[in-house]
Amino acid sequence: ENHKGLKYLGIAWLSLNCILVITTGIKNYDYIAEFGFTYKRLGVLLYLFLCGIGLVFSVYKIVRVQSVWFLIRNTSLSFILVFAVVSMFNWNQLIADYNIEHVKKERLDLEYLFELGPDAYPALMNFHVENQETHTDLFYRLVSAVESKLYTMEYERNAVSWRSYTVRDERLYQKLS
């Protein structure tokens, strides 16, 4: 009751921070739409999402007069949950698929997509074949990398036990072969 003014100032400050998070998210979305999806832009989205969670819990803490432990416990659990969910995705493949599907051909950074590794190779191969760009240096390096990866995967299939089997590797093998 004694600190009503301070409570309202805290909520106003946190609300301004929420607006900042939202506008930054919109700007990042514009960058993704125009220039493509990258790990740095994914990191910005993740950071903004986590900031939003922290801000929402902070406002809730102020409005409902919760303890600092409430804030620490809930934000920590939320962050762990977000990181657990984010780790379930094959980001190399998602980034390559998104960029090839949505980014203008002139702005497409094929070298970056190649550097994402084997998970991006199927999308890159399809792009090169569909656009009849099979006589470029990048295409020859891509073919070499695919052949090398397939050879390695076949060797590992025969040399290791069933315990090292992963669904992700099997899907990649099917796409590459």
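Residue indices begin at 1 and follow the sequence shown. Model, not experiment: these values are computed from the prediction.
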- In terms of ring plane angle, is the pair F114 and Y121 parallel, tilted or perpendicular, where the classes change at 30° and 60°?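 Aromatic pair F114/Y121 classed parallel.
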
- Message: Can you classify the ring geometry of W91 versus F89 as parallel (below 30°), tilted (30 to 60°) or perpendicular (above 60°)?
- Response: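 Ring orientation of W91 relative to F89: tilted.
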
Sub-4.5 Å side-chain heavy-atom contact between [X] and [Y]:
| X | Y | result |
| --- | --- | --- |
| F83 | L46 | yes |
| L172 | Q93 | no |
| E133 | L138 | no |
| E111 | R141 | yes |
| Y39 | N92 | yes |
| H102 | I32 | no |
| R41 | F35 | yes |
| T38 | D109 | no |

- Can you list the residues that meet the side chain to side chain donor-acceptor pair (under 3.5 Å) rule with K40, with sequence neighbours excluded?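 K40 satisfies side chain to side chain donor-acceptor pair (under 3.5 Å) with no other residue.
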
- Run the salt-bridge test on D169 and R157 with the 4.0 Å N-O cut-off and return the result as yes or no.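 Salt bridge absent between D169 and R157.
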
- Query: Salt bridge check: are E156 and K149 linked by an N-O gap of less than 4.0 Å?
  - Reply: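 No.
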
Give a yes or no on whether [X] and [Y] share a hydrophobic cluster (residues Ile, Leu, Val, Met, Phe, Trp, Tyr; joining criterion: side-chain heavy atoms under 4.5 Å apart).
| X | Y | answer |
| --- | --- | --- |
| V59 | V65 | no |
| L108 | L42 | yes |
| V56 | Y8 | no |
| L71 | Y60 | yes |
| L176 | Y173 | yes |

- Item | Whether S144 side chain and Y140 backbone form a donor-acceptor pair below 3.5 Å |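 Not confirmed, S144 side chain does not pair with Y140 backbone.
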
- Measure from the side-chain N and O atoms of S164 to the backbone N and O of S161, and report whether any donor-acceptor pair falls under 3.5 Å.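 Yes, the answer is positive, given that a donor and an acceptor are paired below the 3.5 Å cut-off.
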
- Message: Which residues pass the side chain to side chain contact (heavy atoms under 4.5 Å, CB included) test with I62, not counting sequence neighbours?
- Response: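 Result, side chain to side chain contact (heavy atoms under 4.5 Å, CB included) vs I62: K7, I11, L14.
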
What distance do [X] atom [atom1] and [Y] atom [atom2] have between them, rounded to the nearest 0.5 Å?
| X | Y | atom1 | atom2 | value |
| --- | --- | --- | --- | --- |
| T23 | N28 | OG1 | CG | 11.5 Å |
| L48 | I53 | CG | CD1 | 11.5 Å |
| S177 | E154 | OG | CD | 8.0 Å |
| M88 | N90 | CE | CG | 14.0 Å |
| L110 | L124 | CG | CG | 6.0 Å |
| D30 | I26 | CG | CD1 | 8.0 Å |

- Geometric cation-pi criterion K27 and Y31, 6.0 Å radius, 45° cone: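 Satisfied, under 6.0 Å and within 45°.
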
- Task: Applying side-chain contact (heavy atoms from CB on, under 4.5 Å), run through E130 and F127 and close with a yes or a no.
- Result: CA-CA 5 Å; E130 288 173 5; F127 173 81; 5.9 Å; no

Taking all non-hydrogen atoms of both residues into account, name the closest pair between [X] and [Y] and its distance.
| X | Y | value |
| --- | --- | --- |
| L116 | A96 | CD1-N, 4.3 Å |
| P122 | K175 | CG-CB, 3.7 Å |
| V167 | Y165 | N-CE2, 4.2 Å |
| A123 | D97 | CB-OD1, 3.2 Å |
| I95 | F37 | CG2-O, 3.1 Å |

With a 6.0 Å cut-off (strictly less than), is the heavy-atom count around [atom1] of [X], excluding the residue itself, greater than 12?
| X | atom1 | answer |
| --- | --- | --- |
| Y98 | OH | yes |
| Q174 | CD | yes |
| Y29 | OH | no |

- Item | Counterpart residues, salt bridge (Lys or Arg N to Asp or Glu O under 4.0 Å), relative to E34 (two or more places apart) |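 With neighbours one apart ignored, the set is R107.
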
- Message: Would L150 and E147 count as a side-chain contact (heavy atoms from CB on, under 4.5 Å) here? Give the steps.
- Response: CA-CA 5 Å; L150 280 172; E147 288 172 353; 5.8 Å; no

